[in-house]
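Numbered from 1 within each chain, the chains take letters A, B, ... in sequence-line order. Values reported hereafter were calculated over all heavy atoms of this structure, with side chains retained and with hydrogens, waters and symmetry mates removed. Quantities reported herein were computed from a predicted structural model and do not represent experimental measurements.
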Amino acid sequence: DAEITQSPRHKITETGRQVTLACHQTWNHNNMFWYRQDLGHGLRLIHYSYGVQDTNKGEVSDGYSVSRSNTEDLPLTLESAASSQTSVYFCASSEGVGGGAAETQYFGPGTRLLVL
Amino acid sequence: TQLLEQSPQFLSIQEGENLTVYCNSSSVFSSLQWYRQEPGEGPVLLVTVVTGGEVKKLKRLTFQFGDARKDSSLHITAAQPGDTGLYLCAGARYGGATNKLIFGTGTLLAVQP
């Protein structure tokens with residue numbers, strides 16, 4: 001069965017370190033998204049990609065970067081981790097065929113990141 | 001500024017009670033979705049509504065999209081403990097990319113047996 005996975009599931013790091021969170025989907029979806037989830041804010045979009053070599057900034061992109069070298073993967077990098085980046089991170093994908101209604105987004109299980 | 005505000009933020013009820021969750025905005029959305037998220041997991045889509053005034057039913061859950069496409073509601077009849085979770089509305093802004101969603105602030109529902 002197709003799925004979307006994230007690794008690691010839990011991560012503790014120190015302020016200033018570079019951290020990369022992995023996201024892998026086997027849906028063959030064009031679109032991939034990274035969100036962070038914090039109490040009182042719901043899900044906020046960090047970066048997204050509509051296909052290979054395409055990346056776009058979301059509403060909270062400062063301090064984060066992504067790259068899309070293939071269809072299956074969209075790793076999220078925290079260039080220099082800060083305590084404000086302690087959060088739960090979710091990766092999602094959608095088919096990306098366009099149309100009038102919002103597509104279903106399929107979410108991974110999340111990565112819980114603690115920056116000390 | 002959060003574009004989609006949900007209310008209430010928290011709701012604890014007894015099994016068998018009815019409840020309504022609201023999702024409001026000053027912006028117009030081309031479509032709106034509701035997701036449910038259980039602890040330790042990612043959100044899962046429940047429904048997508050597209051037309052202003054549209055009503056969709058999913059067993060004991062009834063979803064409505066406002067006539068002006070600025071708001072939505074989720075009504076649960078005879079809530080069960082299995083309904084416990086975080087409910088998130090998400091909208092695709094009118095005139096924006098349908099693939100890019102704005103999520104609401106979430107409503108945490110606890111149904112006590």
Side-chain angles (χ1 to χ4, degrees), chain A residues 3-7 9-10 21 23-25 27 29-51 54-61 74 87-112, chain B residues 1-10 21 23-25 27-52 54 56 63 65 69 72 85-108:
Chain A
E3 61 177 356
I4 180 165
T5 57
Q6 294 183 235
S7 62
R9 293 294 311 276
H10 301 88
L21 309 182
C23 175
H24 179 80
Q25 55 102 358
W27 296 95
H29 284 167
N30 291 319
N31 301 339
M32 295 185 74
F33 308 85
W34 272 104
Y35 297 90
R36 60 177 290 174
Q37 186 172 39
D38 305 285
L39 194 62
H41 290 281
L43 288 163
R44 291 183 291 175
L45 184 62
I46 305 171
H47 282 287
Y48 58 103
S49 168
Y50 288 150
D54 176 75
T55 61
N56 306 278
K57 293 181 179 181
E59 61 176 307
V60 291
S61 61
L74 187 71
S87 186
V88 182
Y89 292 86
F90 286 97
C91 179
S93 69
S94 69
E95 199 170 357
V97 295
E103 296 181 332
T104 302
Q105 290 197 8
Y106 297 87
F107 285 82
T111 294
R112 192 173 293 271
Chain B
T1 303
Q2 195 76 31
L3 279 178
L4 277 170
E5 295 286 346
Q6 287 184 237
S7 61
Q9 268 193 298
F10 304 99
V21 176
C23 175
N24 295 297
S25 177
S27 299
V28 177
F29 291 90
S30 60
S31 61
L32 201 136
Q33 299 179 322
W34 285 90
Y35 288 79
R36 181 168 67 206
Q37 183 179 14
E38 299 189 10
E41 299 181 8
V44 175
L45 180 70
L46 295 173
V47 77
T48 300
V49 285
V50 179
T51 307
E54 182 177 2
K56 278 192 175 179
F63 305 86
F65 200 11
R69 293 190 295 181
S72 180
L86 178 67
Y87 289 81
L88 294 160
C89 64
R93 288 189 70 176
Y94 185 79
T98 55
N99 296 316
K100 189 177 162 191
L101 296 176
I102 297 169
F103 279 83
T105 48
T107 294
L108 187 59

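- For A:Glu95, no part sits under 4.5 Å from any heavy atom of chain B, backbone or side chain.
- With a 4.5 Å cut-off on non-hydrogen atoms, B:Gln6 does not touch chain A at all.
- For chain A, the nearby part of B:Gln9 is the side chain; its heavy atoms alone come within less than 4.5 Å.
- Results of the ring pair (Phe, Tyr, Trp, His ring centres under 6.0 Å) test with B:Phe103 over B:Tyr87, B:Phe29, B:Tyr35 single out B:Tyr35 as the only residue that passes.
- Proximity to chain B (any heavy atom under 4.5 Å) is restricted, for A:Phe33, to the side chain, taken from C-beta onward.
- Heavy atoms closer than 4.5 Å to chain A are found in the side chain of B:Leu86, but not in its backbone.
- Between A:Gln25 and A:Glu3, every side-chain heavy-atom pair lies at or beyond the 4.5 Å cut-off.
- Between A:His29 and A:Tyr106, the two ring planes are tilted [angle within 30° to 60°].
- Looking at A:Arg112, neither its backbone nor its side chain comes within 4.5 Å of chain B, counting heavy atoms on both sides.
- For B:Thr48, the side chain to side chain contact (heavy atoms under 4.5 Å, CB included) partners are A:Ala101, B:Ser31, B:Gln33, B:Leu45, B:Val50, not counting sequence neighbours.
- Between A:Phe107 and B:Glu41, the closest side-chain pair of non-hydrogen atoms is not below 4.5 Å.
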